[in-house]
Amino acid sequence: MGYAELHCHSYYSFHDGASSLEELALTAKELGYTALALTDHDNLCGAMCFSRLAADLGIKAITGAEITLKGGHHLTLLVKNAAGYRNLCRLITLAHADGKRRNPELDPAHLPEHTGGLIALSGCPKGELAGLATAGNTEAGRTLIRQYLEWFGKDNYFIELQHNLVFGDRARNKMLALLAAETGASLVAAGNVHYHTRARHRLQDCLVAIAHNSSLEETHRERRANSEFYLRPVPELNTLFKDYPEAIANTSKIASRCTFDLSRELAYTFPSYPAPAGFT
């Protein structure tokens, strides 16, 4: 079964992502992924370079971002078309305007106006829905899902399942799948990738420690729980999500709907200035 990674961080997720665009794209191609989405935290700094690089390598690039909502919750947004790119840019701008300089936060009240052309994934364990599922608050979870389905539409909102062999992953995914069945929402698998290969987790640990201006020993709680946040071979992913095959299948289905190519479609139109004869 084909797989597209729809939740991936590069070193443009500052102090969090530990791999370059080249390393991520090359590894995804070697693993036979159908596509790779770049979803750095609250920015599109690497989007153009990633799009051009992926085109050169012959792998499909998806433009996206992981947005921080007020309260610290995360939401993954993927661009389908040019309208979606405009809306994602606007949402990132609003997040930086609403939040502090180093901690952008988007008021969810902005979302309904800017959903066109975007696909939303419910987010990592720091997502609001994942938190409600972990807490067993099913009523609030159903309410939240229905709100997002209303904002984005049933075809553009997916409940994100992640399985990085962290304690609680299995139970959370089981609850999320139950909520999806009750609300009619669809599931999608994602890796929450922070480095291209397992060995790079050591650098990622160091980056988190630097971000907190503390030693590795002092940031045990802030760092990732293990070294499993890398680009996995597809057979491993199929095994991890064997109870949710539709979640794997939906990765490629979503990727096929994201047709926006930043390297081809973004063009600047400059005004025509009068110039003396012989000059342009």
Side-chain angles (χ1 to χ4, degrees), residues 1-10 17 19 21-40 44 46-67 74-85 87-88 115-124 127 148 152-163 180 185-194 196 229-238 240-241 244-266:
M1 188 179 297
Y3 180 77
E5 181 54 65
L6 302 178
H7 189 146
C8 180
H9 298 274
S10 75
S19 291
L21 303 174
E22 291 83 357
E23 289 168 329
L24 292 166
L26 279 168
T27 303
K29 181 177 177 62
E30 290 169 359
L31 292 172
Y33 287 10
T34 58
L36 179 65
L38 187 66
T39 56
D40 283 314
L44 290 167
M48 179 60 83
C49 181
F50 178 66
S51 180
R52 290 174 173 169
L53 176 67
D56 289 342
L57 292 174
I59 184 171
K60 182 173 183 176
I62 299 173
T63 301
E66 187 174 26
I67 299 291
H74 291 179
L75 182 70
T76 314
L77 296 177
L78 306 175
V79 171
K80 291 193 297 181
N81 51 38
Y85 180 72
N87 277 322
L88 182 58
T115 60
L118 291 174
I119 291 175
L121 313 185
S122 62
C124 65
Y148 275 93
F152 285 88
K154 187 177 184 301
D155 293 335
N156 298 313
Y157 177 70
F158 292 81
I159 295 179
E160 191 172 344
L161 302 184
Q162 296 185 3
H163 198 335
S186 298
L187 300 173
V188 65
N192 196 12
V193 172
H194 282 71
H196 70 293
F229 295 81
Y230 63 100
L231 291 169
R232 295 178 179 276
V234 177
E236 287 186 21
L237 290 161
N238 287 331
L240 282 174
F241 293 99
Y244 313 104
E246 72 277 19
I248 291 287
N250 281 338
T251 64
S252 292
K253 291 179 181 178
I254 290 171
S256 69
R257 295 172 57 206
C258 296
T259 58
F260 180 74
D261 184 340
L262 186 59
S263 63
R264 288 191 301 105
E265 298 190 44
L266 184 65

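Arg52 is linked by a side-chain hydrogen bond (donor to acceptor under 3.5 Å, both in side chains) to nothing, counting only residues two or more places apart in sequence or in another chain. For the side chain to side chain contact (heavy atoms under 4.5 Å, CB included) test, residues two or more places apart in sequence or in another chain that qualify with Ala83 are Asn81, Arg86. Contacts of His194 classified as side-chain hydrogen bond (donor to acceptor under 3.5 Å, both in side chains), with partners at least two apart in sequence or in another chain: Asp16, Arg224. Scored by the side-chain hydrogen bond (donor to acceptor under 3.5 Å, both in side chains) test, Lys60 finds no partners at all (sequence neighbours excluded). With sequence neighbours excluded, no residue forms a salt bridge (charged side-chain N to carboxylate O under 4.0 Å, His left out) with Asp40. Applying the side-chain hydrogen bond (donor to acceptor under 3.5 Å, both in side chains) test to Ser186 and every residue at least two apart in sequence or in another chain returns nothing. Contacts of Tyr85 classified as ring pair (Phe, Tyr, Trp, His ring centres under 6.0 Å), with partners at least two apart in sequence or in another chain: Phe260. Applying the side chain to side chain contact (heavy atoms under 4.5 Å, CB included) criterion to Ala190, with sequence neighbours excluded, gives Glu5, His7, Glu160, Gln162. Applying the ring pair (Phe, Tyr, Trp, His ring centres under 6.0 Å) criterion to Tyr33, with sequence neighbours excluded, gives Tyr3. Evaluation of the side chain to side chain contact (heavy atoms under 4.5 Å, CB included) rule for Glu30 yields no partner, not counting sequence neighbours. Annotation: side chain to side chain contact (heavy atoms under 4.5 Å, CB included) contacts of Asn87 (sequence neighbours excluded): His114, Leu118. For Tyr157, the ring pair (Phe, Tyr, Trp, His ring centres under 6.0 Å) partners two or more places apart in sequence, or in a different chain, are Tyr148.
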Item to check | Thr27 vs His196, side chain to side chain donor-acceptor pair (under 3.5 Å): CA-CA, chis, key distance, verdict | outcome: CA-CA 7 Å; Thr27 303; His196 70 293; 4.6 Å; no
Item to check | side-chain contact (heavy atoms from CB on, under 4.5 Å) between Cys258 and Val79, worked out | outcome: CA-CA 6 Å; Cys258 296; Val79 171; over 6 Å; no
Item to check | Full working for side-chain contact (heavy atoms from CB on, under 4.5 Å) between Cys124 and Glu66 | outcome: CA-CA 9 Å; Cys124 65; Glu66 187 174 26; 3.5 Å; yes
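Between the side chains of Thr76 and Thr39, no donor N or O sits under 3.5 Å from an acceptor N or O. In this structure, a donor-acceptor pair under 3.5 Å is absent between the side chains of Asn156 and Thr115.
Taken to the nearest 0.5 Å, the NZ atom of Lys29 stands 12.5 Å off from the OG1 atom of Thr34. One distance of note links OG of Ser122 with CG of Leu187; it measures 9.0 Å at 0.5 Å rounding. Atom CG of Leu57 and atom CZ of Phe50 lie 9.0 Å apart (nearest 0.5 Å). Rounding to the nearest 0.5 Å gives a distance of 14.5 Å between CG of Leu24 and OH of Tyr230.
For the pair Leu77/Ile119, no side-chain contact is recorded, criterion being any heavy-atom separation below 4.5 Å from C-beta on. For the pair Leu161 and Val188, the minimum side-chain heavy-atom distance is 4.5 Å or more. Counting heavy atoms from C-beta on, the side chains of His9 and Val193 never come closer than 4.5 Å. No side-chain heavy atom of Ile159 sits less than 4.5 Å from a side-chain heavy atom of Leu121. No side-chain heavy atom of Leu38 sits less than 4.5 Å from a side-chain heavy atom of Ile62. Between Leu53 and Glu22, some side-chain heavy-atom pair lies under the 4.5 Å cut-off.
Closest approach of Ser263 to Ser51, counting heavy atoms only: N-OG, 3.1 Å. Phe229 and Gly191 get closest at one heavy-atom pair: CD2-O, 4.3 Å. Taking all atoms of both residues into account, the shortest heavy-atom contact from Gly46 to Leu21 is O-CD1, 3.7 Å. Between Thr251 and Gly2, the shortest heavy-atom contact is OG1-O, 4.0 Å. The heavy-atom pair separating Ile59 from Ala25 by the smallest distance is CD1-O, 4.3 Å. Residues Leu231 and Ala28 come closest through the heavy atom pair CD1-N, 4.1 Å.
A donor-acceptor pair under 3.5 Å is absent between the side-chain atoms of Ser252 and the main chain of Ala249, judged by distance alone. One N or O on the side chain of Thr259 and one on the backbone of Lys80 form a donor-acceptor pair closer than 3.5 Å. Put simply, the side chain of Glu236 never gets that close to the backbone of Arg232: no donor and acceptor are under 3.5 Å apart. Counting only distance, with no hydrogens or angles, the side chain of Lys154 and the backbone of Ala185 share no donor-acceptor pair below 3.5 Å.
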